[in-house]
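Here the structure comes first, spelled out in structure tokens, and everything after it is commentary.
Model, not experiment: these values are computed from the prediction.
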Amino acid sequence: MALFEKLDINPDRVPNTKLGLHLFQVVLAVVIFILEIVLFRAEGSVINGNNAWPFGLCFLSIPAWVYLVMAPRFERARKLAQPHVMVVTDTVFAIFWLSGFASQAAYNTANSCGQGCSVSKAIVGIAFFELLAWIATTAVSVYTLRYYQRTDSLPGYDRLGSGQNIDPDKAAFSMAPHDEEAYAPVQMDDHHDDHAHHETPYDPDSFGGRFDNDTTYRPHSTSPAPHENPFDNAYRTHSHSPAHSADAYGADPYGSATSRPHIYAPPVAEDYDDDRPVQFPSANYDRTLH
């Protein structure tokens, strides 16, 4: 076990290395499956347990491939990828393919291949490389177990699909050339948009200011509002703030309708004289309904 610790192995290469070995196993198993069918149909060949076992291993290995390849590569299934289980699975199927290789060789020794002995010998050779591939994946699983015991994580699998080649301090997409300026810098200051708001005092007479402040109607206000809407001056006709005193419209802030436009403001209580008798509006009251 200390051999793996002495070797300078990059943990990030483990997932792709193991994936490549398992794909190699799949390709060899498909070839063995096809050759076994050819051997079954050869003249004089005998179908027995010696050649049926390698043929059955092609199907028996499918669940192992699905588990060993898929479980550690997907985050939701990664909890099923226990390193001890992966070592056991690779070891068991290495033993299975060793027995399959020996079984097919025994089939040839018994001269049960008939006219298909050349095909049977090819199956023996391919099964030998299949065995070597399973031994290699077993060694990778043992390294994964040792790495897991030291770091409590699977080597390289946690960083799959994390976009390691993208600088996290720069934008991910850019039309710039592929050089040191290929990515546009990202502003990391969350308060860069409101520095002018904090440094420059608010000017109610400026049309470029922000209008999200309090614009509640106050007819009897005697002090200027801290932040007034510059478009609200005509509406506050009864305000005594300096903003409504003598201005560009003349000395009288309540100029006539012909002097400047204004918005109707509801009259206040002081505009009514309680001592006057009630008066009806001027109208022709002589008309009667018949």
Compare all side-chain heavy atoms of Phe55 with those of Asn51 and state whether any distance is below 4.5 angstrom. no

When rounded to the nearest 0.5 angstrom, what distance separates OH in Tyr67 from OG1 in Thr89? 5.5 Å

Using the ring of each side chain (for Trp, its six-membered ring), is Phe96 parallel, tilted or perpendicular to Trp53, with breaks at 30° and 60°? perpendicular

Centroid-to-centroid, Phe129 to Phe24, below 6.0 Å? no

Crowded around Phe128 CZ? As in, over 12 foreign heavy atoms under 6.0 Å? no

Looking only at side chains, do Trp97 and Ser61 share a donor and an acceptor under 3.5 Å apart? yes

Value rounded to 0.5 Å, distance of CD in Gln25 from CG in Leu131: 10.0 Å

What I'd like to find out is whether the side chain of Arg78 reaches to under 4.5 Å of the side chain of Arg73, using heavy atoms alone. no

Say whether, by atom type as modelled, one donor and one acceptor occur between the side chain of Ser120 and the main chain of Gly116 under 3.5 angstrom. no

Verdict with supporting geometry, Cys113 and Val119, side-chain contact (heavy atoms from CB on, under 4.5 Å): CA-CA 9 Å; Cys113 51; Val119 177; over 6 Å; no

Quick one: are Leu39 and Gln104 in side-chain contact, heavy atoms under 4.5 Å? yes

Could you check if a side-chain atom of Ser153 sits within less than 4.5 angstrom of a side-chain atom of Tyr148, using non-hydrogen atoms only? no

Please determine whether side-chain contact (heavy atoms from CB on, under 4.5 Å) holds for the pair Cys117 and Tyr107, giving the CA-CA distance in whole Å, both sets of side-chain angles, and the decisive distance to 0.1 Å. CA-CA 9 Å; Cys117 289; Tyr107 181 81; over 6 Å; no

Side-chain heavy-atom pair Val27, Leu23 within 4.5 angstrom cut-off: no

Side chain to side chain, Thr137 and Leu68, heavy atoms closer than 4.5 Å: no

Side chains of Arg13 and Lys18: closer than 4.5 Å at any heavy-atom pair? no

Output, in order, the C-alpha distance, side-chain angles, deciding distance and verdict of side-chain contact (heavy atoms from CB on, under 4.5 Å) for Leu57 and Leu60. CA-CA 5 Å; Leu57 275 178; Leu60 187 62; 4.0 Å; yes

4.5 Å side-chain heavy-atom contact, Glu36 and Pro54: yes

Specify whether His22 and Trp134 have parallel, tilted or perpendicular ring planes, treating 30° as the upper limit for parallel and 60° as the lower limit for perpendicular. perpendicular

For the CD atom on Gln149, are there more than 12 heavy atoms of other groups (residues, nucleotides or ligands in this structure) within a distance under 6.0 Å? yes

